[in-house]
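Read through the structure below, which is laid out as structure tokens, and then see the notes.
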Amino acid sequence: MLGAHCLAGNLICWDEMDLELPQLLRTRKIQHEIMSAYDDLPKAYDASSVEDAIYEMWERSGAFQPQGDGKPFCVMMPPPNVTGVLHLGHAFEDAIMDTIVRFQRLRGRKTLLVPGTDHAAIATQAKVEKILMAEGMQNPRKELSREQLHEKIRIFAETSKSTILSQIRKVGTSCDWTRLAYTFDDARSRTVNELFIRMHADGLIYRGYRVVNWSVKGQSTCSDDEIVYVERQSKLYTFKYSKDFPITIATTRPETKLGDTAVAVHPADKRFSAFIGKTFTIDIGARKPLEIKIIADEEVDPSFGTGALGVTPAHSAVDFAMYERQKAVGDPIDIIPVIGTDGRMTEEAGIAYVGLSVEEAREKFVGWLRSQGLLEKEEDIMQNVGTSDRYGDVIEAIPLTQWWLDVNKEIPGRGKNLRDFMREAVTTGLDGDSVKKVTITPDRFTKLYLDRVEHLHDWCLSRQILWGHRIPAWYHETKNVFKDDHEGEKVLCQAIIISIEKPICKHCGAEYIQDPDTLDTWFSSGSWPFSTLGWPLTRVLFVRHGQAHSNLEGFIDDRIDNPKNPLTDTGRDQIVEVAEHLVKEGAVRIIASPVLRTKQTAEILAEKLKIPLLFDDRLREIGLGKYDGGSEEVFGVARGSTKEWISGKTVDTIESYKNLKTRADGFMDDLLKRYAGKTIIVVSHGDVISTMGAYGTDESWLASYPKNGGYLLRTYGNDGRVNTDLQTFFPTTWMQMGYEILYLWLMRMILMSTYALDDIPFGDAYIHGILRDKEGKKFSKSSGNGIDPIKVIDQYGCDALRVSLLLGVSPGNDSRYYTEKTESGRNFVNKLWNISRFILSIIPTEGAGSSQGDLLADVRSGIETKSLADQWIMVRIDVVIASVTKKLEGYEFSSASEELRDFTWGDLADWYLEIAKIEQGKEVILRSILQTILKLWHPFMPFVTEHIWKIAGFDGQLIIAEWPNVVAKSSYSVAFGMPEDTEDMTLRSFDILRLLITDLRRLRAENGVESTKQILFAIVAPDDIQKLLEENMEIVKTLARASSVKFVGSIVDDWATTVSGATTVGLDLSGAIDIKKEKAKLSKEIAETEEYIVTTGLKMKNVEFMTKAPTRVKETMEKKYGEANMKLQALKERLTKLE
RNA sequence: GGACGUUUAGCUCAGUUGGUUAGAGCGUUCGGUUCACAUCCGAGAGGUCGCAGGUUCGAAUCCUGCAACGUCCACCA
């Protein structure tokens, strides 16, 4: 198998985990031999040749599944809509999410990232209809049956889904595929139905006739959040209904005036007070003359327009509210719909208007007003018009009967309404419990969220599209029928029943028809944080019957009514006792095997617990065949061991395991479907319970076998499997989303979770900005600026894309994407590759395969470090570990990766590795550094790091390695037995060295000395610095390319110089120096330094500064001040010498 | 009409309790066939942190006002 995955050049063998030990050892040996030839590693890292294999390895090894006993860290992937393929915005989200998740996994948290997709109801249906229409259909909803159209959409969605899922893999997202979810699968349906039923039972969901947002094009309602407001030029018409009507009104929608039933004025407006309460009959062409009542309403703004408002309850949400207020005070006005769902005028609008579009009707009506001399004014105004976000047409206000969620109604038993929950969740914490608080990052969105909560209206849940969760409501005509057994007494059939299954009318033969509408897509996305974890949980208590005579006497019995085999007295006592335990479980039903002993058991329970009892044949005792009535012992021998029986070896006339399992599973399927979210008691026999108990899990569960009168509790999730996820992972830890869906999604998730589970959906909500193109435009199909993330990955590699997306972003702010960023990311990935290549060429290859554990810890605890550079890099890496850890904990991706890059490229590659070419014996340190930076980089660049990890021969998989320990600042010096401030001293000393080398390099660059030429430097330095330089002379000479460096008292006049601190460096140009230029340079530097000294000196003399500034600031300033003074002195000395 | 965001080097952006002489990437200039890397190495240039006030020993950072750009919200018919 080696060859199959041994990818040319990028040596790696993934198949180890499948190999037996001898094979493994052999493979390792070959692998090791190949890897010894590090020179063969290609100069450039080739991402495309390894990424897929690495992902496959991770997935197959189970690394994506939660592991260990760490504190759970759970993230739900925001499910992409199955309306198409992933775009860069998704890749951006995945990068953020996966970085966090990988970091936490390395830190040892029990980490779970659940992948999933969203059926995106209206968006998907709109998309498919558009495609069908492009293919020539006029009206897909008419030309296809409901089933046919549904199937077309389903196929589209499935195709899109599978593309999306493969893309999620491509971007390296480390999610647990065994928990894959879809907002429209069976499990999520159970969640949705359960929520709907509970909310309805609590009176929060109601059916009401109200003005809704209606898209004519989409032929469906939509919620307030699905409206996009567009500013448009329109006309404000001022007119009177008739010559003798006393009040002039203004409107932008004259055609709706055909449905006016009132004129509203402000109660305090004296101009109109005389008319309030009066009714005028006018004829403006509607089907019937209109009865216009003058009403007073606080909402009317007396200063706007004419100060009077024509009220059209049917076609304006504001007016509808007035209509309701009038009704509430017992002074009702009429409601007349004049626009239909087809966007055309109704019969109520009158013979002249019926069938016209609103635009046509408007023109006609305005024409009529004009001809009658009723139109007083016509002015242009700018107006916000609501349009459908999916269909793009203007949203009409139309009164319809729909399903609503009441956000203001007090929830029974909770003392609060949904808005209270939503508010508390982000402020005090739910019910004042600060643990149940959602922290929104950045914080400013909390304010926006709260503002929105205050303005929240009831949520219209029903949609007239077919792609979505069907509303679990059933209707049939209400009619009076004669009751069967009470001659002459009439009963009313129930018109509406909320139920998942089709109900049967108790009174008549008429069928119930399910509501054709579907639920708003956000109803299912709102429950995502817990629908993915299995809610609602169904608890099943499997009770084994009490002791029967057969148990006592040792015979077996599968007959239903064997009079010789009732419960014994002991058996009855057992059940009475178990009933006492079960009473607190809150079971709603008992389902039992009809066999006498279980029947009796169940009857005792039903009586004690006062809950209904049903029987189900599938719970009957295992079929005993010819052994029925015989001895238990004989049967046992005939059946053989449980294992044999399960494997199907048992023959004879005994019921097979397969058969038993089929009926047990069938029973459980039905139970979980019908009683989702409830607690049910199932009374049956030993083997049957054992088989059912294994439902939704593996067969090892078959071992569970309660004694007579004993019971077994199993908790099942919405997917019908034994569930512990909800308890372990809810509330989830972290959630992210773009700010554009803050209202749509965040609010609804909080609403649903607080309602259903009395808890927050997640602790942290991280809000990110929108990814834009180079010009700052949103990526969209219509502007044709879309970039396929997969193409980018193919070209540059996934790691390159990920870092380029994360660098330079900050929470809540938009960021721009352009390929140069990814190029730069690719360059860095390659840099890391080459750093590794270099280190691997130095460290002894024999040790590569046997690297054990945390190498950094080894170095920390006891290596004899020799050089300044060694000490410096170890101090630096500790600082970087601490800082990167802290930043990632605070979700500062950009800053963390920037710091890491600076360390890796700057400190490590440019300095330490260059020094490693000069100084010897760095194998141990280099290996530990390589291991550490691979860990630190892994969250950002998972593939290349894992790949190098393997090549370097580090233990196991990097993805589940251990994050480097953050050590206290002094631990390093302690390890070396040095004074506490060793770190600072080390950093400072190395900085001096580094600065000097840079000075030397600059000096030669400025003076045009070829970089290859070995030259002579002279240095004037204080003793301590001279000592430092002498100790590191090889480094100075090599890195500055000096043939020799000598220490002198002063520099020869005609040498070029540069001054830093107290040190002056001279370069022998053999008299070829421009004295004038040199003097000018010195003067300029003197001026700058003097200015600094003056301002800083003033600051330091300032009493207030000295008393108020923190010591840290003062110390730094004093140090700098001293250095500047030394520098100034050296500069002046040099200048005097030249003069 | 409200609210929020942005304004820092030529471009794209970091800059988390106010504290060294403000940073990065890209671009740009100069010099490099250094045996890990030209997807590279070395050295530079480039900013009065949108404007005007204020608070403070000290402001890119806090406050006030203004401007430009952007986004969201609102039932002004």
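Chain letters run A, B, ... following the sequence lines, proteins first, then strands; residues in each count from 1. The basis for the numbers below is simple: all heavy atoms, side chains too, and nothing from hydrogens, waters or symmetry mates.
If you check residues 1104-1115 of chain A against RNA chain B, the residues with a heavy atom closer than 4.0 Å are A/E1104, A/F1105, A/K1108, A/A1109, A/P1110, A/V1113, listed by number.
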Could you go over nucleotides 40-44 of chain B and give all protein N or O partners under 3.5 Å, atom names and distances?
residue : atom : partner : partner atom : Å
B/rC40  : OP1  : A/N827  : ND2          : 3.3
B/rC40  : O3'  : A/K831  : NZ           : 3.3
B/rC41  : OP1  : A/K831  : NZ           : 2.8
B/rC41  : OP1  : A/W905  : NE1          : 2.5
B/rG42  : O3'  : A/R1001 : NH1          : 3.3
B/rG44  : OP1  : A/R1002 : NE           : 3.4
B/rG44  : OP1  : A/R1002 : NH1          : 2.5

Pairs: protein N or O with nucleotides 59-65 of chain B N or O, under 3.5 Å:
none

Are any protein N/O atoms closer than 3.5 Å to N/O atoms in nucleotides 71-74 of chain B? If there are, list each pair with its distance.
residue : atom : partner : partner atom : Å
B/rA74  : N6   : A/N384  : ND2          : 2.5

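Here ring pair (Phe, Tyr, Trp, His ring centres under 6.0 Å) pairs that include residues 896-919 of chain A, with residues two or more places apart or in two chains, are A/F828-A/W905.
Taking a pair as Watson-Crick or G-U wobble with both distances under 3.5 Å, the runs of three or more consecutive pairs in RNA chain B are B:1-7 with B:67-73, B:10-13 with B:23-26, B:28-32 with B:40-44, B:50-54 with B:62-66.
For A/S810, the side chain to side chain contact (heavy atoms under 4.5 Å, CB included) partners are A/N813, not counting sequence neighbours. Shown here are the side-chain hydrogen bond (donor to acceptor under 3.5 Å, both in side chains) partners of A/E898, two or more places apart in sequence or in another chain: there are none. Taking A/Y1092 as the reference, nothing meets the side-chain hydrogen bond (donor to acceptor under 3.5 Å, both in side chains) condition, with sequence neighbours excluded. Not counting sequence neighbours, the partners of A/N213 by the side-chain hydrogen bond (donor to acceptor under 3.5 Å, both in side chains) test are A/D224. Checked against side chain to side chain contact (heavy atoms under 4.5 Å, CB included), A/P811 has the following partners two or more places apart in sequence or in another chain: A/T441, A/P442, A/Y766. Take A/T819 and apply the side-chain hydrogen bond (donor to acceptor under 3.5 Å, both in side chains) test, not counting sequence neighbours, and it matches no residue.
Counting any heavy atom pair closer than 4.0 Å across all strands shown, A/R826 reaches a base atom.
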